[in-house]
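Remember, it's 1-based here, ligands and their atoms both numbered in the order they're listed. Quick caveat: nothing in here was measured; it's all calculated off a predicted structure. Throughout, residue positions are numbered sequentially from 1 according to the sequence presented.
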Amino acid sequence: MKQTEIAIVGAGLGGLAAGLALLQRGHDVHIYEQAESFSRLGAGIQLGPNVLKIMRHLGLEAQVEAMGFKPDAWRSYSAEAELLADIPLNRRREEYGASYVTIHRGDFHAALVDHFPADRLHFGHRLVELSQDEAGVTLSFADGGPIRAGLVVGADGVNSAVREVILGPEAPLYTGYVGHRAIFPAARFRESGFEFLGNEKWWSDDRHFVVYFLDDAGEEMYFVTGAPEAEWSHGTSFAPSSKEELREVFADYHPKVQAMIEAAEDITKWPLLTRPPLSLWSEGRVVLLGDACHPMKPHMAQGAAMAIEDAAMLDRCLDEAGGLDGFARAFGLYEANRRDRASRVQATSNANTWLRTQEDPDWVYAYDVFSVPLVEVQSA
Ligand SMILES: Cc1cc2nc3c(=O)[nH]c(=O)nc-3n(C[C@H](O)[C@H](O)[C@H](O)COP(=O)(O)OP(=O)(O)OC[C@H]3O[C@@H](n4cnc5c(N)ncnc54)[C@H](O)[C@@H]3O)c2cc1C
């Protein structure tokens, strides 16, 4: 049977960040991903200075910075275009110690994939079973395996199979909200005559409209919404939407938002899912990170950031505990040093109040996973 020190299940943003960090530390790491390959998914992602510092550690900062757009600020508006907040992002780059970047999610993911050795990334491996004994963990896949690993990292997202094995089946909760998404050329939007400088969020009581650039040159724009939809009855992870639907949802929004809707073509909508905070982050030799552990509504643009911070902290705690043999202490330390922050971000994100008014975002953006003092495990 094939053996590895650390098996990571899921090659999403969290799994790849964990793989890169652990490999860099000298561990024998393999990643098992259910997809046969990855395509350039039509979505954007915002990466705060807390993430860019981790990219620096992984040797990817310059590439990510060069690809993405660097917004000067985050501006919040009411539906009628009253300015509610103007919060510095790269205007405070010096103080944060890294950039704030908005980027095509597919480009960011591809940069991580390309940086990870291809012979250690196994596509077409959907985990179906996992069992552990004193010496290690056995993983079985729908179409291969089994393999043995010393430790397993469950980085398999909101519908995590690893989580199900250690916690039992429990479907994620549909929040009653969807996110509409579309990518479109900035040139088409500019025909409206409106100016766009980057990162805007338009708010009303129960819905919002977020828009930002996806590339260094500011040629591609992306919007993502949050809007009520009582039930998700499509039975799929996303469904097609349309300009007509968005015009109705945002009927009372300013003409600038209408112009963005007009500029979009291929619009989809996605159910927003969550789970209550976890009582357990690891069991034995198996540990969870990212959405497998603490999925959230995307309203702070910090879900992937939490997955990537988890990955870096897990690596740091394993090192602190003296390597793989110290895994029990490492997993305890990892949870002790991630639970409060991930839960606070999860709660703030779900509440959807982040940067609506002129607040100080330092506790999120100034965080440095490598220098924050480690909290010891509290004995019960
Ligand atoms: C509309 C929207 C907008 C968002 N915007 C932002 C943003 O701007 N900034 C931000 O930081 N976050 C954002 N997020 C959140 C972010 O996308 C997630 O939090 C992040 O992708 C979680 O990363 P992950 O690695 O934990 O899981 P995922 O990225 O979901 O990766 C999980 C991987 O595991 C694989 N997998 C699943 N099951 C199995 C199995 N059984 N066996 C093998 N492999 C498996 C999957 O195929 C996938 O590749 C947004 C989310 C949404 C819905």
Just heavy atoms, cut-off under 4.0 Å: does [X] contact ligand 1 by side chain, backbone, both, or neither?
X: Ile45; value: both
X: His125; value: backbone
X: Met296; value: neither
X: Ala155; value: backbone
X: Ala161; value: side chain
X: Ala304; value: both
X: Tyr32; value: backbone

Options [options], ranked by nearest heavy atom to [atom], top entry:
atom: atom 1 (C) of ligand 1; options: Glu164, His109, Arg163, Arg181; result: Arg181
atom: atom 42 (N) of ligand 1; options: Leu127, Val128, Asn159; result: Leu127
atom: atom 19 (O) of ligand 1; options: Asp291, Asp156, Leu47, Val158; result: Asp291

Contact with ligand 1 for Arg105, non-hydrogen, under 4.0 angstrom: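 Per 4.0 Å heavy-atom rule, Arg105 contacts ligand 1.
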Residue Phe141 excluded, over 12 heavy atoms near CZ under 6.0 Å: yes
Establish, yes or no, whether a centroid distance under 6.0 Å links the rings of [X] and [Y].
X: Tyr32; Y: Phe123; answer: no
X: Tyr334; Y: Trp281; answer: yes
X: Trp202; Y: His254; answer: yes

Cationic tip of Arg92 above Tyr96 ring, under 6.0 Å, 45° of axis: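 Yes - Arg92 lies over the ring of Tyr96, closer than 6.0 Å to its centre and within 45° of its axis.
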Stacked cation flag Lys201 on Phe209, 6.0 angstrom / 45 deg: no
Below 3.5 angstrom, do we get any N/O pair linking [X] and ligand 1?
X: Leu289; answer: no
X: Arg126; answer: no
X: Ala305; answer: yes
X: Gln46; answer: yes

Electrostatic pair Asp156-Arg163, nearest N-O below 4.0 angstrom: no
Basic-acidic side-chain contact under 4.0 Å: Glu61, Lys53: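 Looking at Lys53 together with Glu61, the answer is no, because their closest N to O distance does not fall below 4.0 Å.
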Parallel, tilted or perpendicular: ring planes of His208 versus Trp203, cut at 30 and 60 degrees: tilted
ring-ring contact (aromatic ring centres under 6.0 Å, His included) partner of Phe213, the single match among Tyr222, Phe196, Phe223, Phe184: Phe196
